[in-house]
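One structure below.
Every number for a ligand or one of its atoms is a count from 1 in the order of the listing.
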Amino acid sequence: MFGKILIANRGEIAMRVLRACRNLGIRAVAIHSDVDATAPHVRFADEAVCVGPADPRRSYLNIPQIIAAAEITGADAVHPGYGFLSENAEFAELCRRCGLNFIGPTPEAMRLWGDKVRAREAAKRFGLPLLPGTTVLRDGDDAATQAALVGYPVILKAAGGGGGRGMRVVREESEIRRAFEMATSEAQAGFKNPDVYLEKFVEEPRHIELQVLGDSHGHIFTFGERECSLQRRHQKIIEEAPSPAMTPDKRAELSAACTRALVETGYTSLGTLEFLMDERGNLYFMEMNTRVQVEHPVTELVTGIDLVENQIRAAAGEALTLPSGRALGLRGHALECRINAEDPRTFVPWPGLITEYLPPGGGGVRVDSGVYGGFRVPNNYDPMLAKVITHGATRAEAIARMRTALDEFIIGGIRTNIPLHQALLRDPDVVAGKMSTRTIERLRF
Ligand code: MV4
C-alpha cells in the first residue's frame, strides 16, 4: 500500500480522499492556492504545500508545481479527485514518468474514453446499447446525408466534449450544414479537436449512470446505477440510488454488458458509464467518466462499499474481492443534495464569509463538507460547499430524512440553494420519482 498520497484537489472531495487515506493508514499531503490557505483540507492534512495563486490555472491545474510538491514531500501517489486534472491523460502520463502512481485508470484508458467518438466505437464493439448515430463527420454534406438517414431531430456532439459541452440540436435539414460548420469551429476552439459526430436526439431523457470499479487483476465490479436527471445546465442538483425508473432485470443486463466492455478494454480503476433513458425506458450509452464523481456517496450508502478506499487499493495493485452485479444486494435508498453558494432562484454564485455554520445530523444523514464557520468561500472555484446525503429503508424515508436535514442546515453570511432543494422535495413529480432533465427549468417556487 502507498505510504503517502498527494491530494491534487480542494473542497469536499479533498476532505473525502483525506478520510480514506486516514482509514487506510496512509499519510496525506494537501495542495492549496493562496486563498485556500485556511481551507479545511489544508488543516486536516499531514502536510500542505501552496502551489500558486487563486487562479486555478496557476495552482490546482499547475502541473509542474504539483509534481514538485509530490517530489518534495515524498508522496508515492497522487489522487486527482474530480474536475481539475482528474481526466487529463497527459498529467497521468507525467505522473507515471516521474515515478508517481496516478490514482485513476491508465493514460491509454483515459484517452480512449475521453474521446467520445472512440468511446462510442468501443461501446458498439462490446455490445453496449447505442442510439442511431455516426462516427466523425467529414463535412456539411456528409452531415446532411447521415442526419437524413438517422432522422431529425439530431444532436451534433464534439468528440472532445462531454458533460454537456460542445452539443447542438438540429431540428431540420435547412440548418444542418451551418450547424455542422459552427460545431466544428467551436470544437476546435474549445477542445483543440474539430471532430464532430451526430446522434438521434432524445427530447426529454433521464440521466442514469452505472458505477464500476476495475483492478489490475482483470476484475470488474459493478455497483448499480444512480439517477441524475435533476440537473440545470448540465450541473447535477440532486442524485439518488437506485433509480426509480430501473428494474432488477434491466440493471442486471446493463451491468453484464458494461462488465464485458470494461474487461475487454482492460479498465483498472473507478469509473462511471453514463446513459440516457428515453420515455419507453430504453437505455443508451452516452459517455464514460474515468474519475470519482461528486455523487458517489449515494452508491456507497446503498452498497455499504467505500468506493474511494477501494479506488486507492486498486491503484496500489491489490486484487479486490467485492460483491458485484446481481450479488450486490442493494439496501434501501439514498439521496444527495448539492449545497451551492448561489442565489436559489437566479443561480448567481454567492461567495463570501460564512458567518454561521451548523450542519445537520442524526440517523441516516451524512454531510460531506469542504467549509466551516469562519471560512471565506473564494469566488475562483466551483460554488459547491457541501453535500447532504440521506439513507432510508425506502425512497420515502430517504426523502423525509432529507427534508429534515435541509430544514436543520444553518449557513449564515452567504446565499445557498437550500430553498431550491426544499422546493424540489415538495414537487409532486419529484416525490413520485417522475423527473427528467427538464424538471428544474419548469419548477416555480
Ligand atoms: C443527448 C441528449 C439527447 N439526445 N444525446 C448532455 C450531457 C451529455 N453527456 C449528453 N447529454 C445529452 N445528450 C442525445 N442523443 C440530451 C442530453 C442532455 C442531457 C443529458 C443528461 C442530463 C441532462 C441533459 C440536459 C440536456 C441535454
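Looking at R338 and E239, a side-chain N of the basic residue comes within less than 4.0 Å of a carboxylate O on the acidic one, giving a salt bridge. R168 and E186 are joined by a salt bridge, as a carboxylate oxygen and a charged side-chain nitrogen come within less than 4.0 angstrom of each other. Contact check on R366 versus E300 returns a salt bridge, with a Lys/Arg side-chain nitrogen under 4.0 Å from an Asp/Glu carboxylate oxygen.
Note: H219 and H217 have parallel aromatic rings, judged against thresholds of 30 and 60 degrees for the angle between ring planes.
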Name every donor-acceptor pair, under 3.5 Å, that has one atom in a side chain of residues 89-97 and the other anywhere in the protein, sequence neighbours excluded.
residue	atom	partner	partner atom	Å
E90	OE2	R111	NH2	2.9
E93	OE1	R111	NH2	2.9
R96	NH2	E108	OE2	3.1

Need the list: ligand 1 N/O atoms against protein N/O atoms, distance under 3.5 Å, rounded to one decimal.
residue	atom	partner	partner atom	Å
ligand 1	4 (N)	V202	N	2.9
ligand 1	5 (N)	K157	NZ	2.9
ligand 1	9 (N)	E274	OE2	2.4
ligand 1	9 (N)	E287	OE1	2.8
ligand 1	13 (N)	K157	NZ	3.0
ligand 1	15 (N)	E199	OE1	2.9
ligand 1	15 (N)	K200	O	2.7

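Counted within 6.0 Å of NZ on K250, heavy atoms from surrounding residues, nucleotides or ligands total more than 12; the atom is thus considered enclosed.
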